[in-house]
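First the proteins, then the strands, lettered A, B, ... as listed; each starts at 1.
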Amino acid sequence: MRRALAGFLLAFLVVSPSGLASESSPTLRELEGELMCPTCEGETLVESDAPAAERVRQLIRRMIAGGAAKSEIKGELERQFGPQILAAPPRRGFDALAWLLPLGGMAAAAVVVGLLAWRWSRGGGEPRPPAADPSRNGRPEPEPELERRLDEELARFD
Amino acid sequence: MAGRLRLTAQALSIALVAGLLGLLVWKIATDEKSPVPQAMKAGKTVPAPGFSFERLDRDGRLSLESLRGKVVVINFWASWCGPCKEEAPALEAAWRRHRNRGVVVVGVDVEDVASDARRFARENGLTYPLVHDGAGKTIERYGLTGLPETFFVRRDGKIVPKQVAGRIDEEELEEGIRLALST
């Protein structure tokens with residue numbers, strides 16, 4: 001269980017879009033999807049044809065041509081425009097919470113489900129209702145008081 | 001065991017909701033609006049929001065605070081902005097004309113690539129101080145609605161209620177500087 005959870009967390013951290021992308025030879029296309037237009041509300045570079053977005057594209061082209069790695073390009077843009085230029089929050093400092101909270105939530109949910117499953121498998125759950133009496137033919141079980149009174153009434157006819 | 005687990009889960013849920021509510025309240029409480037646009041509309045003076053940015057024209061930083069005692073013409077611009085190019089000669093001329101009278105023109109380059117801004121300054125022969133606000137922090141502080149935009153700050157650090165949104169010409173520059181010097 002613990003191993004599976006650790007494996008899941010590791011896979012989530014490593015197999016993310018930025019992790020899959022090439023670090024050493026980035027393309028403009030992939031960076032356009034991971035960076036925001038500086039002057040547009042909620043638009044990535046790929047979605048924007050604003051003049052400022054075009055300037056950023058030109059800078060990325062120049063840096064790619066100069067052999068810069070993906071992290072260097074993103075680092076330079078973050079230095080110039082601040083962290084809001086990144087489409088996904090950086091995995092450090094306060095921004096790391098945006099990554100850690102969902103993971104923590106999923107881990108907590110997995111622990112709760114695991115605990116519940118463990119309890120159920122141990123028979124510690126709610127008491128089960130008694131098995132239905134086939135002779136009752138689906139009718140409900142009479143209440144004890146009602147049954148007692150019924151027995152007394154019937155006893156009179158004996 | 002079951003009761004304790006349920007209590008813990010409930011306490012965690014309440015703590016989570018309380019935490020999220022706290023974040024919301026904090027965000028609302030700290031999300032202050034700029035007083036500048038209201039003051040401009042009402043014809044009132046307000047202290048110019050401070051800033052400190054890296055310089056584009058040389059190494060180091062420049063803060064508005066360091067210019068207290070001088071009249072400051074703050075021009076917000078970017079190299080990708082067409083009207084900014086058109087108004088650049090007027091700003092440069094005003095800077096050359098008034099620099100000996102305690103007037104400083106400061107160009108705040110907003111949401112721009114620094115190397116493009118430097119090239120813009122070279123191509124347009126700008127010699128007044130230029131700073132780089134790549135993250136656009138001044139946009140909210142000054143309530144900017146677009147670029148270019150120009151403000152005039154008096155010697156006491158307050159903004160003259162004359163703001164020029166869009167391309168500024170020599171006449172508007174002279175009027176703004178005159179107002180800032182006279183008050």
Would you say Leu62(B) and Phe76(B) are hydrophobically clustered, going by side-chain heavy atoms of ILVMFWY under 4.5 Å?
yes
Residues from residues 96-132 of chain B approaching chain A under 4.5 Å (heavy atoms):
Glu111(B), Asp112(B), Val113(B), Ala114(B), Ser115(B), Asp116(B), Arg119(B), His132(B)
Counting only heavy atoms not in Glu174(B), do more than 12 fall under 6.0 Å of its CD?
yes
If you count heavy-atom pairs under 4.5 Å with chain A, which of Gly82(B), Gly136(B), Ser79(B), Ala78(B) comes out on top?
Ser79(B)
Heavy atoms under 4.5 Å from chain B: which residues of residues 37-45 of chain A carry them?
Pro38(A), Thr39(A)
Residue Lys70(B) excluded, over 12 heavy atoms near NZ under 6.0 Å:
no
Any idea which of Ala108(A), Gly82(A), Ala50(A), Ala52(A) has the most non-hydrogen atom pairs under 4.5 angstrom with chain B?
Ala52(A)
So, the part of Gln80(A) with a heavy atom under 4.5 Å from chain B: the answer is both
Which one wins on heavy-atom pair count under 4.5 Å against chain B: Glu54(A), Glu76(A), Arg79(A), Arg62(A)?
Arg62(A)
May I have all residue pairs that pass salt bridge (charged side-chain N to carboxylate O under 4.0 Å, His left out) and include part of residues 38-56 of chain B, sequence neighbours excluded?
Arg55(B)-Asp57(B)
Does one hydrophobic cluster hold both Leu86(A) and Leu31(A), with members joined at side-chain heavy-atom distances below 4.5 Å?
yes
Heavy atoms of other groups near Glu143(A) CD, more than 12 under 6.0 Å:
no
Side-chain heavy atoms nearer than 4.5 Å, only ILVMFWY residues, links allowed to pass through others: does that put Leu28(A) and Met36(A) together?
no
Considering all heavy atoms of both residues, which atom of Gly134(B) and which atom of Phe81(A) are nearest to each other, and what is their separation?
O-CD2, 3.2 Å
For Arg149(A), is the CZ atom crowded, meaning more than 12 foreign heavy atoms sit under 6.0 Å from it?
no
Within one Ile-Leu-Val-Met-Phe-Trp-Tyr cluster: Val164(B) and Leu181(B), side-chain cutoff 4.5 Å
yes
Single-linkage hydrophobic cluster Tyr142(B)~Leu179(B), side-chain heavy atoms < 4.5 angstrom
yes
Suppose the criterion is disulfide bond (SG atoms under 2.5 Å apart): which pairs have a residue in residues 64-176 of chain B, not counting sequence neighbours?
Cys81(B)-Cys84(B)
